[in-house]
Amino acid sequence: MSRLHPISILVFSAAVLRQLGFVFLIGLSNSLLKGQWNVTTIVIGGEILVTLAIAVWRWFFFRYQITPDTITIQRGLIAKKTSHIPRHNIQTIQQRQWFFFKPLHVLELQIETSGHEGSTPEAVLPGVPESVLAQLAVPTTSQSVEVQNDLSYQINASDLTQYALTSLGIFPILAAIFWLFGRLDDLLPKTWFTQAQAQLLMLGTVVIVGLGILLLLFGLLISFLREIQRYYHFTLQQTDHQLVTERGFFQRNQVSVATSKIQALRFSQNVLRQGLKITTIQALTASNAAADEQDKDLVLIPVIKTPVALPTIKRFVDWVPQPSPAVTLVPPRTRWRYARNVILGNAVVIGLLFAVTGQWHAPIWWLLAFIWLVIAGGLGRYAARQGQMGMSDTLLVAQVGHLFGRTRYLIPKAKIQSVEIRQPVLLRHQFAHVVINVRHGNSNQIVRVNYLPKAFAQSVWQWYAPSLPNKNLD
Amino acid sequence: MGEALPKRIQWIWLISAVIWLLVLSGITGLIGFLVPRWHWWPWLTIVAIGLTIIISLGMLISIPYRYRFTRYQLSTLALEIQSGFFTRKFEAVPISRIQNVTLTAGPLLQWQHLQAVTIETASTSHTIDGIEPTVADQLRDQLLKLAQEARDE
């Protein structure tokens with residue numbers, strides 16, 4: 001059994017700070033308010049000491065062992081926990097390397113199995129020497145960048161810029177900024193806040209609007225830089241039945257997954273990217289945290305021109321069909337039903353809101369509700385136009401539209417867990433909904449296309465379960 | 001085609017429909033109580049009463065039709081479950097995807113001496129509402145045996 005590299009105390013400290021940060025912040029702001037600098041110094045010193053003490057404690061009692069067959073991890077002294085992970089159960093291996101880890105030849109490892117326990121990886125090794133990777137048969141971060149051949153792909157700068165510009169990631173950032181303002185309200189004394197508010201009011205509307213625009217631009221810039229940081233020098237390569245992706249500027253992040261463990265491929269576009277004809281390709285795997293906190297799906301290619309997406313990914317995943325199988329669309333004469341369903345669903349909620357808030361007299365609300373429903377109906381119609389499905393001998397292709405975007409799935413027949421055909425009783429002679437279930441992370445990904453022609457639904461059933469003749473469907 | 005469930009299952013659906021009626025009536029009562037106090041839209045109570053009657057009646061009347069449609073079918077390669085009435089649902093689960101089979105019986109099923117069978121795959125679960133306990137045991141053994149064979153191949 002060996003200990004982690006001492007640099008991992010830093011990683012442990014960061015984790016402790018995340019857990020205790022809020023308590024620390026309250027202590028700090030309280031001491032600041034008292035205005036006694038010696039108290040503040042003692043508080044800061046105490047907080048650093050506590051953090052370091054816990055981190056060193058955790059580091060000291062953390063031991064691991066990697067053999068060709070198993071990975072063993074032992075944690076804690078008071079509550080001792082030992083876990084063993086058999087090598088063949090591993091679904092994905094993730095490496096992260098902060099820029100300050102690089103000169104020390106140390107990296108962080110996260111190992112995922114398909115076990116069901118929680119959303120955290122089964123094994124996290126915050127600082128191990130690069131040499132252990134040889135035992136796990138994955139290339140190190142430094143090795144992989146140089147490889148340039150047919151089995152590797154590297155993102156190009158203009159694609160990445162387009163991708164970062166069309167990210168809709170500004171919305172969560174704005175939400176975070178507003179949340180922070182809300183929190184400030186609790187943390188800072190009331191007098192500061194009222195003073196600031198009074199000053200803002202004096203400055204007038206122009207400045208407030210200006211500030212708003214500034215905030216928006218700032219949010220856009222952050223989301224742009226974050227996407228660039230995340231996918232900086234993104235590479236994908238194949239080494240003996242493993243797909244390895246690598247990305248990141250401040251922290252190099254490498255994920256490897258066996259090709260056979262991929263459950264499905266997902267091609268997604270938001271409306272902006274649909275206009276620019278660029279696509280993101282992801283792999284659904286049977287383990288969680290395959291990528292990172294933001295999206296748990298393994299990104300195989302962050303951005304690529306839509307026409308070359310299939311041929312490019314085929315170089316890495318051999319079951320990708322070329323050309324794509326013929327698909328059946330949602331018939332145009334039934335597309336209005338998508339819009340109707342969305343409008344009805346929204347109308348019920350709006351109706352309830354009207355009834356409960358008592359705002360049904362004011363015309364302005366009726367106007368807003370009308371505009372909302374028109375937009376909802378438009379989105380429903382958009383989704384209907386995107387809906388399609390088709391099969392080849394060994395795989396199924398399906399496309400679904402959703403809020404401001406569309407997603408296309410390629411699913412090998414052998415990875416489909418179950419199929420459901422649903423028939424609305426009044427439309428049972430014409431249409432059917434087809435539901436495909438595929439494993440995704442620790443849960444289920446439903447791929448559902450509504451109002452497909454009945455004959456097509458029958459052919460899906462025949463294709464998936466030929467041993468089950470179905471009188472009601474046939 | 002396939003197997004029907006024992007006729008007794010209809011009693012359980014009847015009781016569940018009555019339970020639904022009670023729950024919906026309770027919610028309607030609450031709405032009726034709150035409408036004058038919180039100045040909600042006065043017709044909301046009428047709408048709630050109407051919905052309660054329509055939903056409960058729909059559930060009660062559809063029981064015999066639902067029974068005729070609820071079936072399951074087993075081949076050596078796959079299991080099919082049919083259910084529903086307003087939306088007819090056909091589920092297909094290949095034997096090789098089955099991870100485990102669970103038999104359960106809540107108080108209603110125990111009262112009628114029936115057993116529900118739940119089949120789980122790596123990501124979904126599928127339930128046969130209620131069958132004779134002996135048949136359920138047979139079905140479970142058969143499914144697990146076939147699944148084992150499918151895995152060995």
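Lettering follows sequence order; numbering is per chain, from 1.
Interface remark: of the candidates A:I446, A:I416, A:V435, A:I416 forms the most heavy-atom pairs closer than 4.5 Å to chain B. By number of non-hydrogen pairs under 4.5 angstrom with chain A, the leading residue of B:T87, B:I31, B:V93 is B:T87.
No hydrogens or angles considered: nothing links the side chains of B:R71 and B:Q82 as a donor-acceptor pair under 3.5 Å. Under 3.5 Å, the side chains of A:S418 and B:T121 contain no donor-acceptor pair of N or O atoms. A donor and an acceptor atom, one from each side chain of B:R66 and B:Q10, are nowhere located under 3.5 Å apart.
Contacts between B:L34 and chain A at a heavy-atom distance below 4.5 Å are absent for every atom of the residue.
In this structure a side-chain-to-backbone donor-acceptor pair under 3.5 Å is missing from B:R140 to B:V117.
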